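The structure appears below as structure tokens.
Just so you know, ligand 1 is whichever comes first in the structure, and atom 1 is the first atom listed for that ligand. Being a predicted model, the structure only gives us computed values, none of them experimental.
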Amino acid sequence: MALISDTNVMPLYGQAARESLEAQDLEVHSFTVPAGEATKCTERLFELIDGMVAARMGRRDVVVALGGGVVGDLAGLAAALFMRGISLMQCPTSLLAQVDASVGGKVAIDLPSGKNLVGAFHFPTVVLIDPEVLSTLPDRELSCGLAEMLKHGALFSPEHFCQVVAASDDIYARDTDVLARMVATSVGLKAACVSRDPREQGEAGKGRVVLNLGHTVGHVLEMLSDFELKHGEAVALGLVAMARLSQRKQIAPTPPAGAGGAGAGAGVAEAGEQGLEDQLRQALAALRLPTNLDEWLEDERASRMESVLANDKKRAGSSISFIALKAIGSPAVLSLTAAEIVSLLRDPDGDC
Ligand SMILES: NC(=O)c1ccc[n+]([C@@H]2O[C@H](COP(=O)([O-])OP(=O)(O)OC[C@H]3O[C@@H](n4cnc5c(N)ncnc54)[C@H](O)[C@@H]3O)[C@@H](O)[C@H]2O)c1
């Protein structure tokens with residue numbers, strides 16, 4: 001079998017993984033790739049596959065992906081392609097990979113022209129999650145996973161949404177009992193959605209495409225920041241944008257006149273006390289994620305945002321299927337042009 005990890009994770013957990021596999025009399029070939037998004041490329045992919053051929057691996061072998069979403073996506077695609085597909089075991093070690101990237105069967109590499117443009121659906125046979133490995137994950141990476149966990153609550157479960165926020169300090173303290181519970185709930189919510197629509201062929205708003213909540217604007221901000229914003233941080237700002245658009249298209253509640261605002265109160269307010277944007281901002285701030293969307297909406301940035309949005313993968317003609325919320329736990333789909341999205345984000349009277 002191939003044990004694939006990156007230059008950060010292999011020194012931390014590679015030996016333990018190798019020993020536990022060898023204890024089962026399995027022959028292990030280790031491959032270490034450089035840490036970072038740049039590793040999701042054709043060169044690294046074919047180096048891995050060449051290495052698997054040189055190690056005389058066969059169709060009954062297994063790829064074990066030990067690492068964050070980068071390793072999971074790259075090793076997963078190698079498993080999907082080697083000898084027309086061999087089994088894949090995901091052992092995610094970042095919070096984002098545990099709650100999101102390792103679950104759902106999407107594997108991919110990037111091209112210079114864009115992210116995840118070469119990929120496959122290749123479902124793992126096993127996903128093995130150990131919250132203890134999060135003890136070595138930097139806080140900033142942890143926060144990125146929290147953005148995706150909050151997204152799962154926002155889409156499917158008001159209870160999970162509140163629990164993730166309430167557990168913020170315990171999660172940053174790496175309380176493994178709390179982490180185990182929160183991760184399991186988040187994985188369950190995503191897995192239930194994926195199992196209803198494994199290959200993203202469901203009707204707009206009904207299938208796994210709703211998992212793009214916060215990602216339409218998030219991906220654009222990731223690009224506009226030249227990847228200074230990490231994926232989860234960009235998704236956090238994308239969630240603020242989604243909530244603002246949901247309010248300005250009048251499908252989600254707006255705050256009653258005089259009801260404070262983003263800074264009002266503590267914890268997560270009941271619907272009706274706060275508008276959706278304030279609810280999202282407050283939750284994201286409690287999770288130590290960025291919420292200042294307006295700095296990305298100044299003139300020059302706004303026109304760049306509009307042109308990147310106009311090339312969105314999820315557009316049909318000039319319309320973009322924008323995943324919105326009627327309330328926490330209640331997704332909806334809006335059909336908007338890039339110009340409408342930017343103008344509504346900047347100005348409440350943009351185009352309602
Ligand atoms: N396939 C999917 O459905 C899906 C979903 C979401 C994201 N993704 C992809 O996942 C990638 C992002 O994943 P990520 O945030 O895990 O990034 P990553 O894999 O780059 O990991 C983040 C950093 O943390 C390090 N790391 C991981 N686990 C660690 C640990 N336990 N201790 C110390 N350091 C550790 C890594 O070496 C890396 O430096 C992107 O390429 C994104 O496109 C895929």
Problem - Arg18 and Ser30 side chains, donor-acceptor separation under 3.5 Å - result: yes
Exercise for the section: List for me each residue that meets side-chain hydrogen bond (donor to acceptor under 3.5 Å, both in side chains) alongside Ser186, sequence neighbours excluded, and say none if there are none. Expected result: His152, His160
Fill in the blank from the handout: Residues at least two apart in sequence or cross-chain that pass side chain to side chain contact (heavy atoms under 4.5 Å, CB included) with Val194, listed by chain then number, are Phe123, Lys190, Arg208, Leu211
Completion exercise
Sequence neighbours excluded, the answer for salt bridge (charged side-chain N to carboxylate O under 4.0 Å, His left out) partners of Asp139 is Arg174
Handout entry: Side-chain H-bond candidate by donor/acceptor type, Lys106 with Asn116, under 3.5 Å
Key = no
Handout entry: First-shell residues of ligand 1 [heavy atom, distance under 4.0 Å]
Key = Asp6, Asn8, Val9, Leu12, Tyr13, Ala35, Glu37, Lys40, Gly68, Gly69, Val70, Asp73, Thr93, Ser94, Leu96, Asp100, Ala101, Lys106, Lys115, Asn116, Val133, Thr136, Leu137, Glu141, Lys190
Practice task
Say whether His215 and Glu222, considering side chains only, have a donor N or O and an acceptor N or O under 3.5 Å apart.
Solution key: no
